[in-house]
Amino acid sequence: MRQELFVSDEAVRPAFHFTPARNWMNDPNGLVWYDGEYHLFFQYNPLGSGWGNMSWGHAVSRDLLDWEELPVALEHTPTEAVFSGSVVVDRADTSGLGGDDSPAMVAVYTSHDLLTGHQGQSVAWSTDKGRTWTRHPKNPVLDIGSTDFRDPKVSWYAEGGYWVMAVALAIERVVRLYRSDDLLVWTHLSDFGPAGSVDGVWECPDLFPVAVDGDPARTRWLLVVSVQEGAPAGGSGTQYFVGDFDGTTFTADPSTEDVSWVDHGADYYAAVSFNDEPHGRRLLIAWMSNWDYARQVPTHPHRGAMSTPRAYELRTAGGRLVLAQTPVVEGLPGPVHQVTSQPVCDGVHPLPEDFRATSTVLTLELDPGTASRCGLHVRAGDGERTVVGYDAGERTLYVDRTRSGDTGFHPGFGAVHSAPLDLAAGEPLVLEIHVDTTSVEVYADGGRVVITDQVFPSPGSDGIALFAEGGNAHLRRLTSARAPAPGPAGRTGRARP
Ligand code: FRU
């Protein structure tokens with residue numbers, strides 16, 4: 001039974017994370033909901049499994065879980081690479097590009113000129129639900145003569161009644177804000193940065209309001225910026241700033257910390273948001289990889305996977321606002337296996353056969369007790385395991401992927417990634433862990449501490465074990481909701497037959 005559920009035709013195909021059927025993928029682009037469909041566009045090489053020939057791939061979903069991959073939306077040309085950007089539904093037809101009965105979906109993306117290296121912002125539109133696209137004759141509509149000016153994120157600023165674009169001046173480590181009434185003519189508003197992490201170039205900025213403490217009446221603004229170097233787990237990562245936007249300028253709160261990271265793992269980059277209109281929430285999806293080794297990742301025929309969609313909100317903690325993330329995996333079944341109340345003595349304790357899974361959502365409540373380290377081994381098998389643990393001495397959550405499977409494709413891949421996690425005396429470790437064929441995403445402290453890491457275990461490494469070191473821990477509860485097999489459309493980018 002288990003075999004039927006979990007064996008896929010390709011051993012490295014995630015069960016509940018989007019991958020294209022084949023070829024290279026990086027950043028999510030143009031996330032938008034329109035008329036019953038979620039659209040995910042993405043940086044895509046239609047011709048191969050390495051970065052290049054950048055185009056916008058396209059997939060649609062009705063539930064954010066099962067995706068149908070459609071033909072490439074925006075193809076590269078001999079002179080233009082289609083870099084990252086965003087899509088809006090122009091309901092009021094501010095651009096005049098809409099059809100008689102249907103508003104235009106308008107894509108604003110970076111045209112990377114392959115002859116000159118210039119990067120400008122261009123427009124394309126679709127009046128058939130994103131199936132076909134027309135490039136605007138005036139492209140690029142925003143050109144400042146720069147070679148590092150990219151990744152426009154456009155949204156409707158309701159208070160002002162105009163469109164706002166956040167776009168990166170990558171080398172300067174600056175996010176530039178523009179406004180427009182028609183998506184075609186853009187006026188410079190202000191600049192933010194350099195600030196926070198400036199070790200690498202800035203890419204994929206996104207500015208949006210978020211609720212504080214779950215109260216939609218109290219909102220602040222988040223500016224999310226990806227950075228190519230210097231993230232906590234090495235290489236690329238995603239930082240954020242909390243502040244206010246007055247229609248012209250984003251002002252970050254003075255922070256006691258130097259840098260705030262969205263995720264402490266190695267594989268969470270280019271996170272961009274979209275309005276989940278049916279549910280009245282804003283979700284983000286990131287590319288689950290790292291520029292340090294993305295080109296060497298050992299999967300075939302696809303290379304690149306997206307994160308689970310996550311809802312971001314701000315919580316008040318210790319007198320300041322911190323980001324909290326809730327993963328969205330609606331459609332996975334409820335808990336199917338559970339163990340409760342048992343001691344976890346010093347050592348490693350494999351769970352029963354029923355728990356074996358290569359794709360599952362685990363929830364864990366574990367009292368660290370006297371253990372110096374405790375937690376779970378996932379994707380465990382013959383000499384392989386990915387350790388998700390709490391270190392009581394260091395007061396950290398960590399993911400150890402040094403023996404997770406294939407780590408040899410890059411010298412930096414086999415490493416331990418950790419994040420500060422303070423448990424009060426007697427407080428249990430409470431984790432939600434999303435294990436999939438080639439990744440783990442670990443949420444602690446109600447989503448305030450997150451580690452996202454790719455792993456490449458053997459397909460047969462499907463064991464789960466509890467462990468304690470240096471003392472005894474106590475399990476309160478562990479549940480496993482295994483991912484069902486993909487439906488006919490696949491969660492995987494396989495096109496419908
Ligand atoms: C981020 C990025 C973007 C660029 C795209 C090119 O990962 O470098 O800045 O638009 O990828 O594929």
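Please read all numbers here as calculations on a predicted model, not as lab measurements. Every number for a ligand or one of its atoms is a count from 1 in the order of the listing.
For ligand 1, the atoms sitting less than 4.0 Å from at least one non-hydrogen atom of Y269 are 1 (C), 7 (O), numbered in the order shown with element in parentheses. Numbered from 1 in the order shown, with element, the atoms of ligand 1 that lie under 4.0 Å from a heavy atom of D27 read 1 (C), 2 (C), 3 (C), 5 (C), 7 (O), 11 (O). Each of the following atoms of ligand 1 lies closer than 4.0 Å to a heavy atom of S84: 5 (C), 10 (O). Interface of W291 with ligand 1, defined as ligand atoms under 4.0 Å from a residue heavy atom, comprises 1 (C), 7 (O). Numbered from 1 in the order shown, with element, the atoms of ligand 1 that lie under 4.0 Å from a heavy atom of Q43 read 5 (C), 6 (C), 12 (O).
Residue-level proximity to ligand 1 for T110 is absent, since no heavy atom of it falls below 4.0 angstrom. By the criterion of a heavy-atom distance under 4.0 Å, neither the backbone nor the side chain of A270 is placed next to ligand 1.
Here the protein heavy atom with the shortest distance to atom 8 (O) of ligand 1 is E203 OE2, 2.9 Å. Of the protein's non-hydrogen atoms, D151 OD2, 2.6 Å is the one closest to atom 9 (O) of ligand 1.
Applying side-chain contact (heavy atoms from CB on, under 4.5 Å) to R310 and the options V328, T452, T326 leaves one that passes, T452. Each of F245, Y157, F192 was checked for a ring-ring contact (aromatic ring centres under 6.0 Å, His included) with F250, and the lone residue meeting it is F192.
Here F41 and W133 bring their ring centres to under 6.0 angstrom of each other. Taking the six-membered ring for Trp and the full ring otherwise, the centers of H58 and H39 sit less than 6.0 Å from each other.
Between F241 and V225, the closest side-chain pair of non-hydrogen atoms falls below 4.5 Å.
A salt bridge is absent between E313 and R282; no separation between the charged side-chain nitrogens and carboxylate oxygens falls under 4.0 Å.
No side-chain donor from either of Y443 and R448 sits under 3.5 Å from a side-chain acceptor of the other.
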